[in-house]
Asker: 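Pasting a structure below so you can have a look.
By convention in this document, chain letters (A, B, ...) are assigned in the order of the sequence lines, proteins followed by strands, and residues within each chain are numbered from 1.
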Amino acid sequence: MTIYDSVQKTKREFIPQDDNKVSLYVCGPTVYDDAHLGHAKSALVFDLLTRVLTANGYDVTYARNITDIDDKIIKKALEQNKTIKEITDFYTDAYHEEMSQLGISRPNIEPKATESLEAMFELTKKLIASKHAYLTSEGDVYFDTSSDSEYLSLSKRVQDEDERQNRVESSSHKKNPADFALWKSVHDKSVTFDSPFGAGRPGWHLECSAMIEKHLAKPNMKFAVDIHGGGADLLFPHHENEAAQTRCATNHNLANYWMHNGFVNINGEKMSKSLGNSFFLKDALKEYDGEVLRFYLLSTHYRSNFNFNTQDLAISKKRLDKIYRLKKRLFGIQLDSKDTDPAWKAILLEALNDDMNVSLALAHIDEMVSDANNTLDQPGKHQLIKKETVSHLAYIEEVLGFGVKNPFEYFQFGIDKETKAKIDMLIEKRNEAKKTKDFAASDKIRDEILTYGVSIMDTAQGTFWEKV
RNA sequence: GGUGCCAUCGCCAAGUGGUAAGGCCGCAGCCUGCAAAGCUGCUAUCCCCAGUUCAAAUCUGGGUGGCACCUCCA
């Protein structure tokens, strides 16, 4: 497969360092607030990546961190008079729950910053010993960017003079304006951690490098991981700094391939905490099945900017509905074997192996669905076609995670039991009216059913209803 | 100001040198008591200008218009 490497800025054939074993590290959330659509996008992109890699026969080890030490967490804990752990546990659980509703599998490893302090100390000690980091009179430890001749090689930035001036003033204890903190000394006892460098807390960039060394890096490899991913905003300074730390503290570079997903915008504007226009996942999940959100957020190429709007979301729902209707049509068909039709597998993987071209894969899926429906509309039993189609749908579930639910339950999203009973009762009444050809009455009942936000469809198998 | 990305049908969106995928909407049909669902058919020459080439949406240069990063951020 080919992957677009956002550092080399070109598509590259993907070749793991160690046979068929792939190591993937992705920057996860800082757990101090509810996850928004951007978090979902990133988690989805790399969930898909692991699925596609696995479909290609790779043995993937996927790590995604949980940042549970951070100034914003501390601030929230103080505000709400709670412990840091209470805050981080709450938002970590919420994150997991919401991501699982999007059909996102848990990574193999989810290291937490609080559980990785030793690894951070190790890395910092190495950097101090090799003169790549220094301790200030105030007790902070900074990475010395001037000691790394390859600094800025990742983001290909040029140090700007104005920027230098500005930063020097704001932080006079730094040797260079671009230097960043590995350890911040803090003297508030309630929120500090002990370290060989004194009480305080780690700098944000440090944890990823440390976790990668601890969990993924293998000796004598040129790169600590095969693939490092995250949101596009992390390239600088976060990933630049991670790469510098690892490069200077170890004998390998951080990653062979870098992947950055594009942003989710709202009304053409970046969704951002400072702009206050975040769209929280938990709110979206009240209105839409998680799989609809999965479909929608994955329907545009992962590197493109994504402009969220409810009209397009509704269109994605329609598209996913079609997959589920076909699944409903084939409900109960058993497969003789789990083997996937190689031709179908090839069609789908060819698209996904090209830097995860989901749009193209979806076009193939739409065609497959139309063809199957067309065949099933013709007279005949179509046993072979039915089984083949069920097998195709199963492969879509496996690789893309679309259509994994019971189709009948999918179409009842958000309808409570009482309403279901009412609808069923009305449908029965309507069918009785239809039997006597009292169409005026049956149409009137249908209008009443429609007021529950559902549509109904008469088929040879009976009358079904769906949430609109 | 520095760096980078993008511009394809009314809307969403693939395609990165060989003559425009797919979806939504719309129109015309089939099916249906009527619908819904499903199916069939129809609908673009790729922001502008210049250049390279037998051939360009795809490459080059210049415009115009969006957006992102440079500060916490997925």
Side-chain angles (χ1 to χ4, degrees), chain A residues 6 9 11 26-30 32-33 35-46 64 67 70-72 152 155-163 166-167 170 178 204 229-238 240 260-265 268-275 278 295-296 299-301 303-307 309 311-322 325-326 328-329 351 354 357-367 369-378 434 437-440 442-443 446-447 449-450 454-459 463-466 468:
Chain A
S6 42
K9 295 190 195 302
K11 276 188 195 174
V26 175
C27 292
T30 301
Y32 73 101
D33 204 353
H36 55 60
L37 293 171
H39 292 108
K41 171 91 183 176
S42 174
L44 278 168
V45 165
F46 293 104
R64 184 185 60 206
T67 299
D70 178 89
D71 288 356
K72 292 184 288 294
L152 300 181
S155 58
K156 297 180 179 63
R157 259 160 230 283
V158 185
Q159 276 293 345
D160 182 77
E161 275 308 314
D162 291 339
E163 191 186 353
N166 287 336
R167 292 224 189 146
S170 62
W204 173 46
D233 56 334
L234 297 180
L235 180 58
F236 186 87
H238 187 51
E240 184 76 58
H260 291 95
N261 62 274
F263 265 76
V264 179
N265 297 330
E269 241 186 354
K270 179 186 170 179
M271 186 169 58
S272 130
K273 278 147 203 175
S274 49
L275 288 172
S278 296
F295 191 104
Y296 178 44
S299 64
T300 295
H301 191 89
R303 280 189 278 120
S304 306
N305 280 338
F306 188 96
N307 196 16
N309 69 76
Q311 290 76 24
D312 293 337
L313 178 56
I315 288 167
S316 280
K317 180 183 179 301
K318 282 192 177 188
R319 237 172 146 175
L320 184 61
D321 284 353
K322 275 187 103 155
R325 278 194 201 105
L326 180 57
K328 207 159 73 166
R329 206 172 176 180
D354 181 15
N357 191 338
V358 178
S359 293
L360 187 56
L362 288 179
H364 293 315
I365 290 171
D366 286 328
E367 263 174 65
V369 171
S370 282
D371 286 350
N373 275 320
N374 197 9
T375 304
L376 295 174
D377 277 354
Q378 312 302 320
K434 279 177 66 181
K437 301 224 188 286
D438 185 355
F439 296 124
S442 73
D443 287 353
R446 178 167 60 198
D447 288 342
I449 296 172
L450 260 38
V454 303
S455 66
I456 61 172
M457 40 205 64
D458 297 323
T459 75
T463 301
F464 297 107
W465 59 269
E466 293 179 357
V468 177

Asker: Suppose you measure atom P in B/rU52 against the same atom in B/rA7; what distance do you get, rounded to whole Å?
Answerer: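 One P to the other, the span is 25 Å.
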Asker: For A/Ile315 and A/Asp371, find the nucleotide of RNA chain B closest to each by heavy atoms; which residue's nucleotide sits nearer the 5' end?
Answerer: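 Checking each residue's closest nucleotide, the 5'-ward one belongs to A/Ile315.
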Asker: Is the distance from OP1 or OP2 of B/rC39 to the nearest side-chain N or O of A/Asn373 less than 4.0 Å?
Answerer: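 It does, given that an N or O in the side chain of A/Asn373 lies less than 4.0 Å from OP1 or OP2 of B/rC39.
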Asker: Distance check, C1' atoms only: B/rG61 and B/rA44, in whole angstrom units.
Answerer: 27 Å
Asker: Side chain of A/Asp458, heavy atoms from C-beta onward: which of B/rG38, B/rU40, B/rC34 has the nearest atom to it?
Answerer: B/rC34
Asker: Angle class for the A/Trp204/A/His238 ring planes (parallel below 30°, perpendicular above 60°, tilted otherwise)?
Answerer: parallel
Asker: Pick base, sugar-phosphate or nothing for A/His260, based on heavy-atom distances below 4.0 Å to the nucleic acid.
Answerer: nothing
Asker: Taking the same atom, C1', in B/rU58 and in B/rU43, what whole-Å distance lies between them?
Answerer: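 Comparing C1' positions in B/rU58 and B/rU43 gives a spacing of 24 Å.
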Asker: Does A/Ala361 offer a backbone N or O that forms a donor-acceptor pair with the side chain of A/His364 under 3.5 Å?
Answerer: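 A pair under 3.5 Å: no.
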Asker: Select one nucleotide: of B/rG22, B/rC73, B/rC39, the one nearest the side-chain heavy atoms of A/Asn374.
Answerer: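 The answer is B/rC39.
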Asker: B/rC5, B/rA74, B/rC39: which one has an atom nearest the side-chain heavy atoms of A/Lys9?
Answerer: B/rC5
Asker: Applying salt bridge (Lys or Arg N to Asp or Glu O under 4.0 Å) to A/Arg157 and A/Glu240, what does each step give before you reach the verdict?
Answerer: CA-CA 10 Å; A/Arg157 259 160 230 283; A/Glu240 184 76 58; 5.8 Å; no
Asker: Rounded to the nearest angstrom, tell me the gap between atom CG in A/Leu235 and atom C1' in B/rC5.
Answerer: 12 Å
Asker: How would you label the contact of A/Lys434 with the nucleic acid (heavy atoms, under 4.0 Å): base, sugar-phosphate, or nothing?
Answerer: base
Asker: Roughly how far apart are A/His301 NE2 and A/Leu360 CG, rounded to 0.5 Å?
Answerer: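 With rounding to 0.5 Å, NE2 (A/His301) is 11.5 Å from CG (A/Leu360).
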Asker: Taking atom types as they are modelled, would you say the side chain of A/Arg446 forms a donor-acceptor pair with the base of B/rA35 within the 3.5 Å cutoff?
Answerer: yes
Asker: Under 4.0 Å from OP1 or OP2 of B/rG15: is there any side-chain N or O of A/Ser359 that close?
Answerer: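 For B/rG15, neither OP1 nor OP2 has a side-chain N or O of A/Ser359 closer than 4.0 Å.
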Asker: Distance check needed: B/rC70 P versus A/Glu240 CD, whole Å only.
Answerer: 13 Å
Asker: In whole Å, what is the span from the NE2 atom of A/His301 to the P atom of B/rC6?
Answerer: 11 Å
Asker: Please classify the nucleic acid contact of A/Leu234 as base, sugar-phosphate, or nothing, using heavy-atom distances under 4.0 Å.
Answerer: sugar-phosphate
Asker: Tell me which nucleotide among B/rC39, B/rC72, B/rA21 gets nearest to the side chain of A/Trp204.
Answerer: B/rC72
Asker: Using atom NZ of A/Lys322 as one end and atom C1' of B/rA36 as the other, report the distance to the nearest whole Å.
Answerer: 14 Å
Asker: With a 4.0 Å cutoff (strictly under), does any side-chain N or O of A/Lys318 reach OP1 or OP2 of B/rC25?
Answerer: yes
Asker: Using a 4.0 Å heavy-atom cut-off across all strands, classify A/Phe464 as base, sugar-phosphate, or nothing.
Answerer: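 No contact.
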Asker: OP1 or OP2 of B/rA68 sitting under 4.0 Å from any side-chain N/O of A/Asn265?
Answerer: no
Asker: NA contact type, A/Ser304, heavy-atom cut-off 4.0 Å: base, sugar-phosphate, or nothing?
Answerer: sugar-phosphate
Asker: Once you round it to whole Å, what is the distance between C1' of B/rC34 and CD1 of A/Ile456?
Answerer: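 From A/Ile456 CD1 to B/rC34 C1': 11 Å.
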Asker: Please report, rounded to the nearest Å, how far the C1' atom of B/rC39 is from the CG atom of A/Leu376.
Answerer: 11 Å
Asker: Let's see if you can work this out: which of B/rA74, B/rA21, B/rG33 has an atom nearest to the side-chain heavy atoms of A/His36?
Answerer: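 Shortest atom-to-atom distance from the side chain points to B/rA74.
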Asker: Rounded to whole angstrom, note down the P distance from B/rU8 over to B/rC48.
Answerer: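 Here B/rU8 and B/rC48 have their P atoms 11 Å from each other.
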Asker: Do A/Arg64's NZ or CZ and the ring of A/Phe46 fall within the cation-pi criteria of under 6.0 Å and 45°?
Answerer: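 Here A/Arg64 fails the 6.0 Å and 45° test against A/Phe46.
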Asker: Checking contacts here: which listed nucleotide (B/rA14, B/rG2, B/rG23) is nearest the side-chain heavy atoms of A/Leu360?
Answerer: B/rA14
Asker: Base, sugar-phosphate, or nothing for A/Glu367, non-hydrogen atoms under 4.0 angstrom?
Answerer: sugar-phosphate
Asker: Atom CZ of A/Phe236 and atom P of B/rA74: how far apart are they, to the nearest Å?
Answerer: 17 Å
Asker: Give A/Ser442 one of three labels, base, sugar-phosphate or nothing, depending on what nucleic acid heavy atoms sit under 4.0 Å from its own.
Answerer: base
Asker: Going by side-chain contact (heavy atoms from CB on, under 4.5 Å), A/Val369 matches just one of A/Asn373, A/Asp371, A/Asp366. Which one?
Answerer: A/Asn373
Asker: Both distances below 3.5 Å, Watson-Crick or wobble geometry, any strand: find the nucleotide opposite B/rC46.
Answerer: none
Asker: Of A/Asp354 and A/Gln378, whose closest RNA chain B nucleotide lies nearer the 5' terminus?
Answerer: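 Looking at RNA chain B, the more 5' nearest nucleotide goes with A/Asp354.
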Asker: Does A/Gly38 reach a base, just sugar-phosphate, or nothing at all? Heavy atoms under 4.0 Å.
Answerer: base
Asker: Would the base of B/rC5 count as contacting A/Arg303 through its side chain, where contact means a donor and an acceptor less than 3.5 Å apart?
Answerer: no
Asker: If I pick the P atom on B/rA13 and the same atom on B/rU3, what distance separates them, to the nearest angstrom?
Answerer: 29 Å
Asker: In plain terms, say whether A/Arg329 and A/Asp377 are close enough for a salt bridge, that is, a side-chain N and a carboxylate O under 4.0 Å apart.
Answerer: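 Yes.
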Asker: Counting distance alone, no hydrogens or angles: does the base of B/rG33 have a donor or acceptor under 3.5 Å from a partner atom on the side chain of A/Asp443?
Answerer: yes
Asker: Output the single nucleotide from B/rG33, B/rG22, B/rC39 whose closest atom is nearest the side chain of A/Asp377.
Answerer: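 Of B/rG33, B/rG22, B/rC39, B/rC39 is nearest to the side chain of A/Asp377.
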Asker: Is the shortest side-chain N/O distance from A/Arg319 to OP1 or OP2 of B/rC24 below 4.0 Å?
Answerer: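 A/Arg319 to B/rC24 OP1/OP2: no side-chain N or O under 4.0 Å.
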Asker: Can you tell me, in whole Å, how much space there is between the P of B/rC69 and that of B/rA74?
Answerer: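 One P to the other, the span is 12 Å.
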Asker: Counting any heavy atom closer than 4.0 Å, what does A/Lys41 reach on the DNA or RNA strands: base, sugar-phosphate only, or nothing?
Answerer: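 Since no nucleic acid heavy atom lies under 4.0 Å of A/Lys41, the category is nothing.
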Asker: Before accepting this row, confirm whether a basic side-chain N of the pair A/Asp33/A/Lys72 lies closer than 4.0 Å to the acidic partner's carboxylate O.
Answerer: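 So A/Asp33 does not pair with A/Lys72 through a salt bridge.
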Asker: Measure from the side-chain heavy atoms of A/Thr300 and tell me the nearest of B/rA74, B/rA13, B/rG2.
Answerer: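 Nearest nucleotide to the side chain: B/rA13.
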Asker: In whole angstroms, how far is the P atom of B/rG23 from the OH atom of A/Tyr296?
Answerer: 18 Å
Asker: Give one of base, sugar-phosphate or nothing for A/Asp312, where a contact means two heavy atoms less than 4.0 Å apart.
Answerer: sugar-phosphate
Asker: When the C1' atoms of B/rC46 and B/rU19 are compared, how many Å lie between them, rounded to an integer?
Answerer: 13 Å
Asker: Using a heavy-atom cut-off of under 4.0 Å over every strand shown, decide if A/Val264 touches base, sugar-phosphate, or nothing.
Answerer: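 If one applies the 4.0 Å heavy-atom cut-off, A/Val264 turns out to touch a base.
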Asker: Go ahead and name the base partner of B/rC59; Watson-Crick or wobble counts if both distances stay under 3.5 Å, otherwise write none.
Answerer: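 Check on B/rC59: paired to B/rG51, both distances under 3.5 Å.
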Asker: Show the nearest heavy-atom pair for residues A/Ser42 and A/Val26, with the distance to one decimal.
Answerer: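 Between these two residues, the closest heavy atoms are OG-CG1, 4.4 Å.
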Asker: Can you tell me, in whole Å, how much space there is between the P of B/rA21 and that of B/rU16?
Answerer: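 To the nearest whole Å, 13 Å.
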